[in-house]
Amino acid sequence: MDRVKRTLAPYLLVLPGGLWLLLFFAVPMVTMLSLSLQEGDIVNGFVFTGHWQNYTESLADYQTQLIRSLVYGALTSIILIVMAFPVAYWIAFYGGKKKATYLFLIMLPFFVSFVLRTISWRMLLTDDGVLLHPLKAAGILPEGFNVLGTSGAVIAGLVYSFLPFMVLPIYVALERIDPRVVEAARDLYASPMTSFRKVIFPLALPGVFAGVLMTFVPASSDYVNSELLGSSETTMIGQVIQAKYLSNSDYPSASALSFTLMAVLLIGVFAYARALGTEDVMKVAAR
């Protein structure tokens, strides 16, 4: 009896989470897959016909938005690494007893609604806002200069929105580094740059790897920032899917686009993991 309990215990522990994923992930995904192969409209209903042309037609019509979304996601991830690494490094090695306070300050904006924070960015970047209006009035910026509605505004909003998702994993990886390893590199006459390049950064790679996964995927599929901060020239694939679902009620095309985006993101993530060397990263993380 005890042996049976020991055998069943792991499965019973996994059961609640497994049922949750089955109910709220697997079932909707299967439903959406079926919907992506249907034909019809909201008035007469949709019928499953195996119409795979939904995928080819949607991809042909919106490949520009899909590529733009992937580029925005990649640029956002790169900028986040450059911005987040120094912050996480300083907190991990120089934060002292106030590390928790600094991490709390980084997370503090998340206590405000995501949409409200994006609207605040819109108010800040508008032509007559508190940032640009004084600079234009002083003649520092030309009257025709604008930020809102550009790719830069959308990417800036994405960077702001997902910064904590890059800082926290890198901080956790840096926090695990034994200070004696860094001291040993200095004792061996390694310069600060060499010590960072050959010791600190390789040991922090698991955090960078996790941070990119947590930022690239949601940034590429985001539609709030491009809707509020962008224009028709910066439309992302998330906006297209949202409009087809909620405005046009074109559920088959929206489902097909959703699966196409998911497939492209999975391919990109696997390629990134292979290029970085996931096994090597995990070995570093296990040390």
Item to check | L229 reachable from V115 in the ILVMFWY side-chain graph, under 4.5 Å edges | outcome: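 Different hydrophobic clusters.
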Next on the checklist: Please tell me whether F24 and V217 are part of a single hydrophobic cluster in this structure, the criterion being side-chain heavy atoms less than 4.5 Å apart.
Outcome noted: no
Checklist entry - To the nearest 0.5 Å, what is the distance between CZ (F46) and CG (D41)? => result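 Reported to 0.5 Å precision, the distance equals 6.5 Å.
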Item to check | Between OG1 on residue T260 and CG on residue N54, distance to nearest 0.5 Å | outcome: 9.5 Å
Item to check | Residue pair L265 / L70, side-chain heavy-atom distance below 4.5 Å | outcome: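 In short, these two side chains touch, coming nearer than 4.5 Å.
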Item to check | Plane angle bin for F196 and Y89 - parallel if under 30°, tilted between 30 and 60°, otherwise perpendicular | outcome: perpendicular
Do other residues, nucleotides or ligands put more than 12 heavy atoms under 6.0 Å from the [atom1] atom of [X]?
X: F270; atom1: CZ; result: no
X: Y223; atom1: OH; result: no
X: M83; atom1: CE; result: no

Heavy-atom pair of closest approach, residues [X] and [Y]:
X: Y251; Y: I42; result: CE1-CD1, 3.6 Å
X: W52; Y: L37; result: CA-CD2, 3.8 Å
X: P164; Y: P169; result: O-CD, 4.2 Å

Does one side chain, of [X] or [Y], offer a donor that lies under 3.5 Å from an acceptor on the other?
X: S69; Y: Q65; result: no
X: S226; Y: Q239; result: yes
X: D250; Y: S253; result: yes

Item to check | Contacts of M262 that satisfy side chain to side chain contact (heavy atoms under 4.5 Å, CB included) - sequence neighbours left out | outcome: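 Here the qualifying residues are M29, F259, L266.
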Item to check | For S161, all residues meeting side chain to side chain contact (heavy atoms under 4.5 Å, CB included), sequence neighbours excluded | outcome: F114, N225
Checklist entry - Which residues pass the side-chain hydrogen bond (donor to acceptor under 3.5 Å, both in side chains) test with T194, sequence neighbours left out? => result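 Testing T194 for side-chain hydrogen bond (donor to acceptor under 3.5 Å, both in side chains), a comparison that skips the adjacent residues, returns S191.
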Checklist entry - Pairs in or reaching into residues 124-150: which pass side-chain hydrogen bond (donor to acceptor under 3.5 Å, both in side chains), with residues at least two apart or in two chains? => result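 Sorted result for residues 124-150: T126-D128.
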Next on the checklist: Could you go through I177 and I200, starting from their C-alpha distance and side-chain angles, then the distance that decides it, and tell me whether this counts as side chain to side chain contact (heavy atoms under 4.5 Å, CB included)?
Outcome noted: CA-CA 8 Å; I177 297 177; I200 297 175; 4.2 Å; yes
Item to check | Among S151, S220, S77, side chain to side chain donor-acceptor pair (under 3.5 Å) partner for Y72 | outcome: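 Exactly one candidate clears the test, S151.
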For residues 103-112, please give each side-chain donor-acceptor pair under 3.5 Å, one per line with the distance, not counting sequence neighbours.
none

Checklist entry - Do side-chain atoms of S58 reach the backbone of Y55 as a donor and acceptor pair under 3.5 angstrom? => result no
Item to check | Flag, side chain of S36 to backbone of S255, donor-acceptor distance under 3.5 Å | outcome: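 No.
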Checklist entry - Is the centre of the Y102 ring less than 6.0 Å from the centre of the W90 ring? => result yes
Item to check | Residue pairs, two or more places apart or on separate chains, that pass salt bridge (charged side-chain N to carboxylate O under 4.0 Å, His left out) and touch residues 97-113 | outcome: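 Checked against salt bridge (charged side-chain N to carboxylate O under 4.0 Å, His left out) - neighbours excluded - the pairs reaching residues 97-113 are K99-E175.
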